Number of protein chains: 2
Amino acid sequence: MRYAGLEEVSIVSNADWVAEIAALVGEPARAHMLLALGDGRALPAGELAACADVTAQTASGHLARLEQAGLVTVVRQGRHRYYRIASVEVASMLEAVMAVAAVSPPAVMRFHADPVLQEARTCYNHLAGRLGVAICDALVRIRAVVLDGEIAHVTTEGLAFLESWGINVSRIRLHPACRTCIDWSERRHHLAGTVGIAIHEHCLALQWIEHHLDSRAVRITPTGERGLRTVFGIALTELR
Amino acid sequence: MRYAGLEEVSIVSNADWVAEIAALVGEPARAHMLLALGDGRALPAGELAACADVTAQTASGHLARLEQAGLVTVVRQGRHRYYRIASVEVASMLEAVMAVAAVSPPAVMRFHADPVLQEARTCYNHLAGRLGVAICDALVRIRAVVLDGEIAHVTTEGLAFLESWGINVSRIRLHPACRTCIDWSERRHHLAGTVGIAIHEHCLALQWIEHHLDSRAVRITPTGERGLRTVFGIALTELR
DNA sequence: GCGACGCTTCGGCGCCGGCCGAAGCGTTCC
DNA sequence: GGAACGCTTCGGCCGGCGCCGAAGCGTCGC
């Protein structure tokens, strides 16, 4: 039966294109390179080849395909070609695949809970891992934030707290809520969106964290260790 | 240099697992079957084989791999085996891949804008396509909802509107905000999360929409056509 | 100007995975 | 009880893809 011109139509070619995009990620060397770029940085082709443990020729071929499909962008700088994740959509897709990988059944569970990435890392533009989850938990504990499914609502106390910590909350005050990510390593939530990005950027500005040179892992500095304990009540030992 | 026991460690085995999950989606026959299940329904293996245009043996092998990896679950009912998407994470991953596929560069753009799926479909548990986007736009127009990146905030007027339409807003009132999805077919937002689900379920309850028997497409009934015009100011012609 | 470096292109090889025909198992209907 | 149906398992074939050595191009440092 038909309504208003609706017809029964196959979704064939969309599935083919979805398969093509997923297949680009579904090859270990390419996945390594994409995840290496996962924290938003730009890396040269040689370094990506090393990440993936393949030769420059192999890496070059893979990167060409990723670029043609729009998953990465490339900028030439002298003899170097710097690659980066092309869009937030691509980064989100990688996190989504990781979220699925993290909840795979124990029988085939081979997802390596890398202690360093579990402890603190960036999730494209915000903090993730145990640090990200601990900050989220601390904000919930002091009722700065209320979790509701995939949304985190910032309370009036929360705005005051963030402001006293030094974050400019003028934009957050307009819409005191943000997205959360399901953290694949902890299987709990960390803050994403406007609040998550603001916290990440503020931790960098305070030099509480440093970005690892060649990994998504994030280093917590001694200053950061003290600050996390003082401001959030987070002991570094609880992140290990 | 090291801080607090942090060590430089490769992310090798995580990438391998991400590649394995993505590769499961990255094969056209499996992608067809997964997308066929994308609206949350359960389908028997034979029907999935037909969706993917492969024999029962081929479909059986693919489904076994999907089940082993935890992407689908299976329930036996007599001689039939009914498969469904295993979790919200898997559904989100499929949407994330589709979002990337939709924004691929024009040079390799082969994503088929299926008119039926573009018009109205379900996105796992909420409305998507032109209908989903039109409802979102209408709510923004009457200031029932304010968009802020990936978050949609429900205003006081919005709560009143939804309540007068017949939705129980007691839960939404607690946290008047929800997630949005980037609609791959329209490249604009539609409402997901609590509000998106509530709207989808209410449209079903009012019999404004019907689920298509073997597709993610959603049928808009004559009752729905009138209701959409009356309540939301949406003409069916603007959805075609 | 020349050598070194970063990276790309070309061509070839080997392996893996998707396919289906045949056979088999469990369930249902007559 | 036997035929039909839904689906799984087995075995084999074939095409595609990932790999790298060799060669080449553009850039940079001395």
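Predicted model only: the values in this text are computed from it and were never measured.
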If you compare all heavy atoms of [X] against all heavy atoms of [Y], which two are closest, and at what distance to 0.1 Å?
X: Glu47(B); Y: Leu43(B); result: OE2-CD2, 3.6 Å
X: Ala91(A); Y: Ile85(A); result: N-CG2, 3.9 Å
X: Met93(A); Y: Ile21(A); result: SD-CG2, 3.8 Å
X: Thr194(A); Y: Cys178(A); result: OG1-CB, 3.9 Å
X: Val97(A); Y: Ala22(B); result: CG1-N, 4.1 Å
X: Ala45(A); Y: Ala59(A); result: O-CB, 4.5 Å

Output the rounded distance in Å from CG (Leu43(B)) to P (dG6(D)).
15 Å
Regarding Ala64(A), tell me which of base, sugar-phosphate or nothing describes its non-hydrogen contacts under 4.0 Å with the strands shown.
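Since no nucleic acid heavy atom lies under 4.0 Å of Ala64(A), the category is nothing.
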Contact class for Ala56(B) vs. all strands (heavy atom < 4.0 Å): base, sugar-phosphate, or nothing?
base
Under 3.5 Å: donor-acceptor pair, side chain of Arg179(A), backbone of Gly196(A):
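Flag not set: sc Arg179(A) to bb Gly196(A) has no pair under 3.5 Å.
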For residues 71-81 of chain B, please give each side-chain donor-acceptor pair under 3.5 Å, one per line with the distance, not counting sequence neighbours.
from, atom 1, to, atom 2, distance (Å)
Arg81(B), NH1, Arg79(B), O, 3.4

Earlier contact from the 5' end, DNA chain D, for Ala52(A) and Gly46(B)
Gly46(B)
Residues in side chain to side chain donor-acceptor pair (under 3.5 Å) with Thr55(B), at least two apart?
Gln57(B), Thr58(B)
First and last nucleotide of DNA chain C in contact with chain A, 5' to 3', at under 4.0 Å to a heavy atom: what are they?
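Contact boundaries, 5' end first: dA4(C) to dT9(C).
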List in numerical order all residues of residues 75-82 of chain B for which some heavy atom is under 4.0 Å away from an atom belonging to DNA chain D.
Arg79(B), His80(B), Arg81(B)
With sequence neighbours excluded, tell me which residues meet salt bridge (charged side-chain N to carboxylate O under 4.0 Å, His left out) with Arg171(B).
Asp148(A)
Compute the angle between the rotation axes at the two ends of the helix from dG1(C)-dC30(D) to dC30(C)-dG1(D), each taken over five pairs, rounded to 10 degrees.
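That helix has its two terminal axes inclined by roughly 30°.
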